[in-house]
Amino acid sequence: MKDCIFCKIASGEVQAQIVYQDEEVVVFKDLNPQAPTHLLIIPVKHIAKLDEASKEDMALLGKLQLTAAKIAKDMGITDFRLITNNGKGAGQSVEHLHYHLMAGRRFLWPAG
Ligand code: AMP
Ligand code: ZN
């Protein structure tokens with residue numbers, strides 16, 4: 001989608017520190033990391049947020065989670081947090097679905 005920073009990262013128009021990419025999923029380092037490991041997992045397809053995904057995205061949503069888990073495992077990370085912020089009130093600042101994969105520090109629960 002035009003004017004979407006994450007679509008531009010997925011297409012290569014904007015540079016990012018990409019750690020994994022295939023035809024459906026891109027994983028890159030967060031610009032403003034909140035943990036020693038802080039990656040963003042996004043679909044190449046523009047979906048604004050989780051509650052705008054549809055039934056036809058079911059396999060893609062599963063793939064995003066499985067990709068996050070595989071990357072964590074490949075990095076030797078066993079304890080991590082995987083979250084998505086859905087909507088501005090929940091902290092979403094980029095309107096392209098993304099999961100934060102964070103690790104390397106203690107996390108508070110409940111999440112702040
Ligand atoms: P959220 O607030 O859940 O929408 O998360 C958006 C995340 O995207 C934030 O953690 C930002 O630091 C990160 N971010 C924004 N622009 C970029 C970019 N160009 N490259 C990497 N991370 C970005
Ligand atoms: Zn987008």
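Note: hydrogens, waters and symmetry copies are ignored here, and every other heavy atom, side chains too, is used. Quick caveat, the model's predicted, so the values are computed rather than measured. Both ligands and their constituent atoms are indexed starting at 1 by order of listing.
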Lys63 and Asp22 ion-paired at < 4.0 Å: yes
Heavy-atom side-chain contact between Tyr20 and Thr67 under 4.5 Å: yes
Atom 16 (N) of ligand 1 - nearest protein heavy atom and its distance: Phe6 CE2, 4.1 Å
Considering only N, O or S atoms of His96, the one closest to the Zn ion (ligand 2): ND1
Min heavy-atom dist Ala16 to ligand 1 below 4.0 Å: no
Salt-bridge present (Lys45, Glu23; N to O < 4.0 Å): no
Residue-ligand contact Lys29/ligand 1, heavy atom below 4.0 Å: yes
pair Phe107-Met102: side-chain heavy atoms closer than 4.5 Å: yes
Within-shell test, Gln17 vs ligand 1, heavy atom, strictly < 4.0 Å: no
Side chain to side chain, Lys88 and Ser93, heavy atoms closer than 4.5 Å: no
Step-by-step ring-ring contact (aromatic ring centres under 6.0 Å, His included) determination, Phe28 to Phe6: CA-CA 10 Å; Phe28 53 96; Phe6 287 179; 5.3 Å; yes
Protein heavy-atom partner closest to atom 4 (O) of ligand 1 - residue, atom, separation in Å: Ser93 N, 2.7 Å
Angle at the Zn ion (ligand 2) (to 10°), with one arm to SG of Cys4 and the other to SG of Cys7: 120°
With Leu82, the side-chain contact (heavy atoms from CB on, under 4.5 Å) member among Leu64, Leu39, Leu101: Leu101
Proximity of Leu40 to ligand 1 by residue part, where a heavy atom lies under 4.0 Å: side chain
Numbered atoms and elements of ligand 1 in range of Asn32, under 4.0 angstrom, heavy atoms: 12 (O)
Interfacing atoms of ligand 1 (cut-off 4.0 Å, heavy-atom, Gly91): 1 (P), 2 (O), 3 (O)
Separation between NZ of Lys2 and SG of Cys7, rounded to the nearest 0.5 Å: 12.0 Å
His100 and His38 aromatic ring geometry - parallel, tilted or perpendicular at 30°/60° bounds: tilted
Given Val94, Val27, Val26, the one that forms side-chain contact (heavy atoms from CB on, under 4.5 Å) with Ile42: Val26
Atom 7 (C) of ligand 1 [closest protein heavy-atom partner, distance rounded to 0.1 Å]: Asp30 OD2, 3.5 Å
Those atoms of ligand 1 less than 4.0 Å from some heavy atom in His100: 1 (P), 3 (O), 5 (O), 7 (C), 10 (O)
Ligand 1-proximal atoms of Asn85, by part, heavy-atom distance under 4.0 Å: side chain
Protein heavy-atom partner closest to atom 21 (C) of ligand 1 - residue, atom, separation in Å: Leu31 N, 3.4 Å
Nearest protein heavy atom with distance in Å, relative to atom 5 (O) of ligand 1: His98 NE2, 3.0 Å
N/O/S atom name from His46 that is nearest to the position of the Zn ion (ligand 2): ND1
